[in-house]
Visitor: 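Here's a structure for you.
Numbers here simply count residues along the sequence, with the first being 1.
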Amino acid sequence: NTSYALNRFLGPILDNCSNLYLATGNYVVHTGLELMCKYYGAEKMVFNTNLPTGSAVAAVSLGCFADISQEEKQLIASGNLEKMLGEVKL
């Protein structure tokens, strides 16, 4: 699980691993999405609900009420995953 205590480690990891994304389902941090967008970009996050053990309502609410742009919300909700899947070669 990703919590506020891991924030200080996330920056260097995300800066050095271009193919690493933060799944939002475990990232339940006050203003966490806003801070991630500000410092690392919405391009580094992928929406997930953490079902069946997590709450889909909590995950959706975090994204809906985050103080970030609609473009950032779209990237997190589906854009980043669509981009990743588009790069898969079978």
Visitor: Could you tabulate the donor-acceptor pairs under 3.5 Å formed by side-chain atoms of residues 35-45, not counting sequence neighbours?
Guide:
unit_1 : atom_1 : unit_2 : atom_2 : d
Lys44  : NZ     : Cys17  : O      : 3.0
Lys44  : NZ     : Ser18  : O      : 3.4
Lys44  : NZ     : Leu20  : O      : 3.0

Visitor: Show me, pair by pair, the donor-acceptor contacts under 3.5 angstrom made by side chains of residues 83-90, not counting sequence neighbours?
Guide:
none

Visitor: Got a sec, which residues hit side chain to side chain donor-acceptor pair (under 3.5 Å) with Ser78, two or more places apart in sequence or on another chain?
Guide: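 Scan of Ser78 (side chain to side chain donor-acceptor pair (under 3.5 Å), adjacent residues dropped) gives Gln74.
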Visitor: Could you give me the CA-CA distance, side-chain angles and deciding distance for Thr24 and Thr49, then say whether side-chain contact (heavy atoms from CB on, under 4.5 Å) is met?
Guide: CA-CA 8 Å; Thr24 61; Thr49 61; over 6 Å; no
Visitor: Under a 4.5 Å side-chain heavy-atom rule over Ile, Leu, Val, Met, Phe, Trp and Tyr, are Val29 and Phe47 clustered together?
Guide: yes
Visitor: Specify the closest pair of heavy atoms between Asn80 and Val46, including all atoms of both residues, with the distance to one decimal.
Guide: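 Looking at all heavy atoms of both residues, the closest pair is CB-CG2, 4.2 Å.
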Visitor: Who are the side chain to side chain donor-acceptor pair (under 3.5 Å) partners of Thr31, not counting sequence neighbours?
Guide: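 Applying side chain to side chain donor-acceptor pair (under 3.5 Å) to Thr31 gives none.
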Visitor: Would you give the length of the straight line joining atom CG of Asn48 to atom CD1 of Ile76, rounded to the nearest 0.5 angstrom?
Guide: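 Reported value, rounded in 0.5 Å steps: 12.0 Å.
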Visitor: Enumerate, atom names and distances included, each donor-acceptor pair closer than 3.5 Å involving a side-chain atom of residues 52-67, sequence neighbours excluded.
Guide:
unit_1 : atom_1 : unit_2 : atom_2 : d
Thr53  : OG1    : Asn50  : O      : 3.2
Ser55  : OG     : Val57  : N      : 3.3
Ser55  : OG     : Ala58  : N      : 3.2
Ser61  : OG     : Val57  : O      : 2.8

Visitor: Do Leu10 and Leu75 share a hydrophobic cluster, counting only Ile, Leu, Val, Met, Phe, Trp and Tyr and linking them when any side-chain heavy atoms are less than 4.5 Å apart?
Guide: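 No: no chain of side-chain contacts under 4.5 Å links Leu10 to Leu75.
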Visitor: Which one of Glu71, Glu72, Lys73 satisfies the side chain to side chain donor-acceptor pair (under 3.5 Å) criterion with Ser69?
Guide: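 For Ser69, the side chain to side chain donor-acceptor pair (under 3.5 Å) check succeeds only for Glu72.
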